J.: 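Have a look at the structure that comes next, please.
Because the structure is predicted, anything quoted here is derived from the model rather than measured.
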Amino acid sequence: MTRPVVRVVGSVNLDIVARAPALPRPGETVIGASLERHPGGKGANQALALARLGAEVRLWARTGDDAFADEALALLKAEGVDLSEVVRLADAHTGVALIGVDPAGENQILVASGANARMRPEDLPTEIPEALLCQLECPLEVVAEAVRRARGFVALNLAPFALLPSECLQRADLLVLNEIEAEALGDQVAQAGGAVAITLGAEGACMLRGGRQTARVRPPAVRVVDTTGAGDVFTAARMMSLLEGLDDPGALRFACAAAALSATRPGAQPACPTRREVEALLSGDAT
Ligand code: RIB
């Protein structure tokens, strides 16, 4: 089978993770956390997840010209993602996400966007012939312009939530959002031009077309360690399975299994599963 080719326009972060006995409430200090650093950022996470699932991936992004950039791009490089359109800006820092994770795997994330906020629509390629995947962790005008320049399949993950021009939602072949984002989008969910995948946390996910549910799937039972990046893996797997022509129930099962696997491991990118691991879980062979 030919490998789908995907251009991801999105963010790159270095994730600084404190695994803590509890997440702090506003004004509270929690001690006793352990520290980890991982490559992250929704764009980079989704690019890596697609590559591990078998796609050929190009990333269009911005980082600082600093040591964080090397660390943030290391797994993408190792996985063979094309980074020739990642520009290092001398006067900005690489994006950083400060992440707290509690013992149940729940997280809180603060993002200092740095170079991600410096993407400019005029710098995009004049045409995007490959399948396009964007998230909303970079300037919205960049996402809107990338969608305008796309000539093939378009997937949008509306996270972190923001309102995009309605022509983007109409143009998208796939929208991925969580329950809260779906609620915020309101009637526009039913008016979306393509398929809409809504993640439902521990309940799994559902798929809508023209406002009507076409599939609903519960995820495989797993021991959750860290949910950071599970939505990114879900988005990448859902896009991959649509590009490969799976029907809605099959594609949703594949995406839920990939996301569930990612939640069993710490970190966003280190937790992205390979295609073989997802297929093993689906066939009941996972250990
Ligand atoms: O979706 C998870 C990602 O959100 C993390 O990797 C972090 O960088 C934030 O962007």
Side-chain angles (χ1 to χ4, degrees), residues 4 6-11 41-43 45-47 49-50 60-61 111 113 116-117 119-122 124-201 204-217 230-243 245-248 251-252 255-256 259:
V6 181
R7 197 181 218 126
V8 177
V9 170
S11 56
K42 294 185 193 300
N45 295 347
Q46 293 179 19
L50 278 163
W60 192 93
V111 176
S113 297
N116 296 309
M119 295 180 179
R120 298 283 172 258
E122 55 273 23
L124 285 163
T126 40
E127 268 204 355
I128 300 180
E130 317 87 349
L132 170 72
L133 171 60
C134 301
Q135 322 67 34
L136 307 186
E137 212 175 35
C138 60
L140 297 184
E141 60 272 22
V142 171
V143 176
E145 190 54 35
V147 171
R148 267 178 225 123
R149 294 183 187 195
R151 299 289 170 261
F153 187 96
V154 172
L156 296 175
N157 174 210
L158 302 187
F161 185 73
L163 280 177
L164 279 177
S166 58
E167 76 248 25
C168 289
L169 306 179
Q170 281 294 321
R171 169 66 178 84
D173 299 285
L174 172 66
L175 288 182
V176 180
L177 52 172
N178 65 27
E179 275 174 296
I180 298 165
E181 292 155 357
E183 212 168 290
L185 203 58
D187 288 349
Q188 284 185 285
V189 170
Q191 290 158 18
V196 180
I198 304 178
T199 56
L200 308 166
C206 67
M207 212 45 217
L208 308 174
R209 288 182 190 267
R212 295 188 49 203
Q213 186 170 300
T214 56
R216 188 177 175 118
V217 165
D232 297 330
V233 171
F234 178 89
T235 298
R238 190 64 192 79
M239 179 179 191
M240 185 78 179
S241 49
L242 264 186
L243 291 174
L246 282 190
D247 62 9
D248 284 349
L252 209 52
C256 283

J.: Under the side chain to side chain donor-acceptor pair (under 3.5 Å) test, which residues partner Arg238, sequence neighbours left out?
T.: Asp248
J.: Are any of the side-chain heavy atoms of Leu177 and Val196 separated by less than 4.5 Å?
T.: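 Yes, their side chains come closer than 4.5 Å.
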J.: Not counting sequence neighbours, which residues clear side chain to side chain donor-acceptor pair (under 3.5 Å) with Glu127? List them please.
T.: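 With neighbours one apart ignored, the set is Arg151.
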J.: Let me check something: any side-chain donor-acceptor pairs from residues 153-160 under 3.5 Å, sequence neighbours excluded? List them with distances.
T.:
residue	atom	partner	partner atom	Å
Asn157	OD1	Gln46	NE2	2.9
Asn157	ND2	Val176	O	3.0

J.: Could you pull out the closest heavy-atom pair between Cys256 and Val217, with the gap in Å?
T.: SG-CG1, 4.0 Å
J.: Do Leu185 and Leu163 come within less than 4.5 Å of each other through their side chains, counting heavy atoms only?
T.: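 Result yes, sub-4.5 Å side-chain heavy-atom pair found.
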J.: Mark yes or no for whether Ser11, through its side chain, and Gly43, through its backbone, hold a donor-acceptor pair below 3.5 Å.
T.: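 Yes; at least one donor-acceptor contact below 3.5 Å.
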J.: For side chain to side chain contact (heavy atoms under 4.5 Å, CB included), just list the numbers for Leu243 and Val6, CA-CA rounded to whole Å, side-chain angles, deciding distance to a tenth of an Å, and then say yes or no.
T.: CA-CA 10 Å; Leu243 291 174; Val6 181; 3.8 Å; yes
J.: Is there a donor-acceptor contact under 3.5 Å from the side chain of Glu137 to the main chain of Lys42?
T.: yes
J.: Which atoms form the tightest heavy-atom contact between Leu175 and Ala192, and what is the distance?
T.: CD1-CB, 3.7 Å
J.: Measure across Glu141 and Pro121 and return the closest heavy-atom pair with its distance rounded to 0.1 Å.
T.: CG-CG, 3.8 Å
J.: Quick one: CG on Leu252 to CZ on Phe234, what's the gap to the nearest 0.5 Å?
T.: 5.0 Å
J.: So which atom in Ala117 and which in Pro139 form the shortest heavy-atom distance, rounded to 0.1 Å?
T.: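 Smallest interatomic distance, heavy atoms only, reads O-CG, 3.6 Å.
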J.: Does Leu124 offer a backbone N or O that forms a donor-acceptor pair with the side chain of Arg149 under 3.5 Å?
T.: yes
J.: Measure the SG-CD1 distance between Cys134 and Ile128 for me, rounded to the nearest 0.5 Å.
T.: 7.0 Å
J.: From Thr235 OG1 over to Leu174 CG, what is the distance, rounded to the nearest 0.5 angstrom?
T.: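 Result: 7.5 Å between the selected atoms.
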J.: Do Gln135 and Asn45 touch side chain to side chain, with heavy atoms closer than 4.5 Å?
T.: no
J.: Quick one: CE on Met119 to OG on Ser113, what's the gap to the nearest 0.5 Å?
T.: 9.5 Å
J.: More than 12 foreign heavy atoms under 6.0 Å from CD of Glu183: is that the case here?
T.: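 No - once you tally the heavy atoms of other residues, nucleotides and ligands closer than 6.0 Å, there are 12 at most.
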J.: So, taking the atom named CD in Glu179 and the one named OG1 in Thr199, what distance separates them when rounded to the nearest 0.5 Å?
T.: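 Going from the CD atom of Glu179 to the OG1 atom of Thr199 covers 7.5 Å.
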J.: Roughly how far, to the nearest 0.5 Å, is CD of Glu122 from CD of Glu145?
T.: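 Going from the CD atom of Glu145 to the CD atom of Glu122 covers 9.0 Å.
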J.: Does any part of the side chain of Arg216, heavy atoms only, come nearer than 4.5 Å to the side chain of Ile198, both counted from C-beta?
T.: no
J.: How about Asp173 and Leu242: do any of their side-chain heavy atoms sit closer than 4.5 Å?
T.: no
J.: Compare all side-chain heavy atoms of Leu164 with those of Val147 and state whether any distance is below 4.5 angstrom.
T.: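 Of all side-chain heavy-atom pairs linking Val147 with Leu164, none is under 4.5 Å.
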J.: Hey, does Met239 have a side-chain heavy atom less than 4.5 Å from the side chain of Pro4?
T.: no
